[in-house]
Amino acid sequence: MPKPKIIVIGAGPSGMFAAGEASKLGADVTTLEKKPLPGIKLRITGKGRCNLTNIAPIPQFIERFGKNGKFLRQAFHSFFSPDVAALFKEMGVDIQTERGGRVFPNGNDAPAVADALVNWTKKQGVKIKTDTTVTELLINDNTIIGVQTKEKEYKADRIILTTGGASYPVTGSTGDGYNFAKAIGHTVIAIRPALVPLEVKGTIAKRLDKLHLKNINARVFADGKKTGEKFGELFFRSNTLAGPIILSLSRNIVDQINDKVKNIFLTIDLKPALDNKKLDARLVREFQTNNKTAIVTILEKLLPLQLIEICLEQTSIRFDSIGSQITADERKRLRMWLKDFKMEITGYRPFKEAIITNGGVNTKEINPKTMESKIISGLYIAGELLDINGDTGGYNLQASFSTGWLAGHSAALSCFK
Ligand SMILES: Cc1cc2nc3c(=O)[nH]c(=O)nc-3n(C[C@H](O)[C@H](O)[C@H](O)COP(=O)(O)OP(=O)(O)OC[C@H]3O[C@@H](n4cnc5c(N)ncnc54)[C@H](O)[C@@H]3O)c2cc1C
């Protein structure tokens, strides 16, 4: 009996896990990838280090995906972070765990991880055809029968669609899958950039370009209500706010901006370890012991250099003041500013700068136990193309691995039933 034919569209992490698993189970698997090289996005993940997954247990993992996280429960129970670690070990990639439970390869080398995954996929018997762009899904009587590429038609018993989202389109993820899904009757929840740098009012981000703030606490207020809070690192880069806490907070902020919520402010506590009383005592001490010293020099002990000018401007303290001249009112303004440095958020950067895509194929139309479409029989959809989006910390790659693996597993098993 000939082997059942499965075509996987897209050789990203979800596509390669799907293809490798389906082939391992005995299917004849071909992956069609439009770029000349498989896994291009994977090669730039984690700033080139590849944050593969996270050691958080399943309930906490699911929380990191917001309201759609529960869709992933079965995929995670089928194939989770220990399975990913074991499989990468089999591929020759050992892992290490860092702060926040983030898991990285020992070599900190994302391209090497991608190469190991490509080699493993091929070792399972998968044929990867690069420079091959799928243009249409072929359907007959609500059942998938194949795909059309720019060059020719491919017939198959099952198709696994893993074309990724719309972020960083240079890597090949240009959002083709959304159009394929819509064309065959799926609904696609409006896509928007997520884990994306933010724009702020005025010239402040430009003036603070390249400043890196660590151990700060940032809160978001939208129309006067607190809507988010994160502790960690933030940086100013090319007129924008970026860094881990900004990327995480951006998931809600993008939606608030799109919903036309007014007055979205980010307020930074630059001294989260000191409460108001302790901070005031510290300021009193600094001004007393340095009573003849210029305020600029005193502030160097409290702030990064780049922030001093902005601090003095915003607190209306004279640049030429010395310690003994600082009034109680000025000290209060300074303390309040250090605990509440505000910036108004005015926008977010486009898809080409977003780590992931929010929105996507409606998960209500996908069977969470198999990743099969509830609309088209024999079609499986996995990875970032689905309406799932997680926080930074290895959550998104794990979701791609888990849903991809489950799609490949179920698609192959369904052929042998
Ligand atoms: C800069 C950056 C850093 C990141 N770092 C991390 C990290 O450290 N940890 C983490 O968990 N997540 C990270 N992510 C997110 C993670 O990379 C994605 O969530 C993940 O790659 C999604 O996998 P996927 O297989 O669904 O899609 P993709 O990786 O986007 O793969 C989709 C593939 O489909 C191909 N394709 C598209 N259309 C077609 C078509 N018509 N025909 C044929 N092929 C097609 C594309 O060329 C691509 O190769 C990062 C993302 C970016 C942009």
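Start at 1 and go down the list; that is how both ligands and their atoms are numbered.
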Run the numbers for me: atoms of ligand 1, each under 4.0 Å from some heavy atom of Thr162, listed by number. 32 (C), 33 (C), 34 (O)
Residue Asn396 vicinity, atoms of ligand 1 by number, heavy atom under 4.0 Å: 11 (O), 12 (N), 19 (O)
Does some non-hydrogen atom of Thr132 fall short of 4.0 Å from ligand 1? yes
Identify, by atom number and element, the atoms of ligand 1 in contact range of Leu32, meaning under 4.0 Å from any of its heavy atoms. 43 (C), 44 (N)
Where the closest heavy atom to atom 29 (O) of ligand 1 is concerned, which of Ala114, Pro13, Gly164, Gly177 has it? Pro13
What atoms of ligand 1 come closer than 4.0 angstrom to any heavy atom of Asn51? 7 (C), 8 (O), 9 (N), 10 (C), 11 (O)
Would you give the length of the straight line joining atom NZ of Lys129 to atom OG1 of Thr30, rounded to the nearest 0.5 angstrom? 6.5 Å
Would Leu397 count as being in polar contact with ligand 1, using the rule that some N or O on each side must be under 3.5 angstrom apart? yes
Need the ligand 1 atom indices (1-based, order shown) with element for anything under 4.0 Å from a heavy-atom of Ile356. 15 (C), 19 (O)
Can you name the one residue among Glu151, Lys35, Lys150 that meets side-chain contact (heavy atoms from CB on, under 4.5 Å) with Thr133? Lys150
Contact between ligand 1 and Ile40 is defined here as a heavy atom of the residue under 4.0 Å from a ligand atom; is it met? no
Does the ring centre of Phe76 sit less than 6.0 Å away from the ring centre of Phe61? yes
Check this for me, if you would: do Lys278 and Asp280 make a salt bridge, where the nitrogen-to-carboxylate-oxygen distance has to be below 4.0 angstrom? no
For Gly12, the atoms of ligand 1 under 4.0 Å from one of its heavy atoms are 25 (O), 29 (O), 31 (O), 33 (C)
Looking only at N/O atoms, are Thr133 and ligand 1 under 3.5 Å apart anywhere? no
Geometric N/O contact Tyr168 with ligand 1, under 3.5 angstrom: no
Ligand-side contact atoms (ligand 1) for residue partner Gly383, heavy atom cut-off under 4.0 Å: 26 (O)
Contact partition for Thr171 relative to ligand 1, non-hydrogen atoms under 4.0 Å: backbone
Compute the centroid of each ring, for Phe17 and then for Phe79, and state whether the two points are separated by less than 6.0 Å. yes
Between Lys155 and Glu153 (salt bridge meaning N to carboxylate O under 4.0 Å), is one present in this structure? yes
Please confirm whether Lys35 comes within less than 3.5 Å of ligand 1 when only nitrogen or oxygen atoms on both sides are compared. no
Would Ser400 count as being in polar contact with ligand 1, using the rule that some N or O on each side must be under 3.5 angstrom apart? yes
Minimum-distance protein heavy atom relative to atom 39 (C) of ligand 1: Thr163 CG2, 3.6 Å
Return a yes/no value for Ile44: is any of its N or O atoms, backbone included, closer than 3.5 angstrom to an N or O of ligand 1? no
Check for me whether Ser167 has a heavy atom closer than 4.0 Å to any atom of ligand 1. no
Residue, atom name and distance, where the atom is the protein heavy atom closest to atom 49 (O) of ligand 1: Glu33 OE1, 2.6 Å
Pair Asp387, Asn68 - check side chain to side chain donor-acceptor pair (under 3.5 Å), show working. CA-CA 8 Å; Asp387 178 23; Asn68 259 0; 2.9 Å; yes
Test of proximity, Cys50 against ligand 1: N or O pairs below 3.5 Å: no
Judging by distance only, is a nitrogen or oxygen of Gln398 under 3.5 angstrom from one on ligand 1? no
Ligand 1 to Ser14 polar contact by distance, N or O atoms, under 3.5 Å: yes
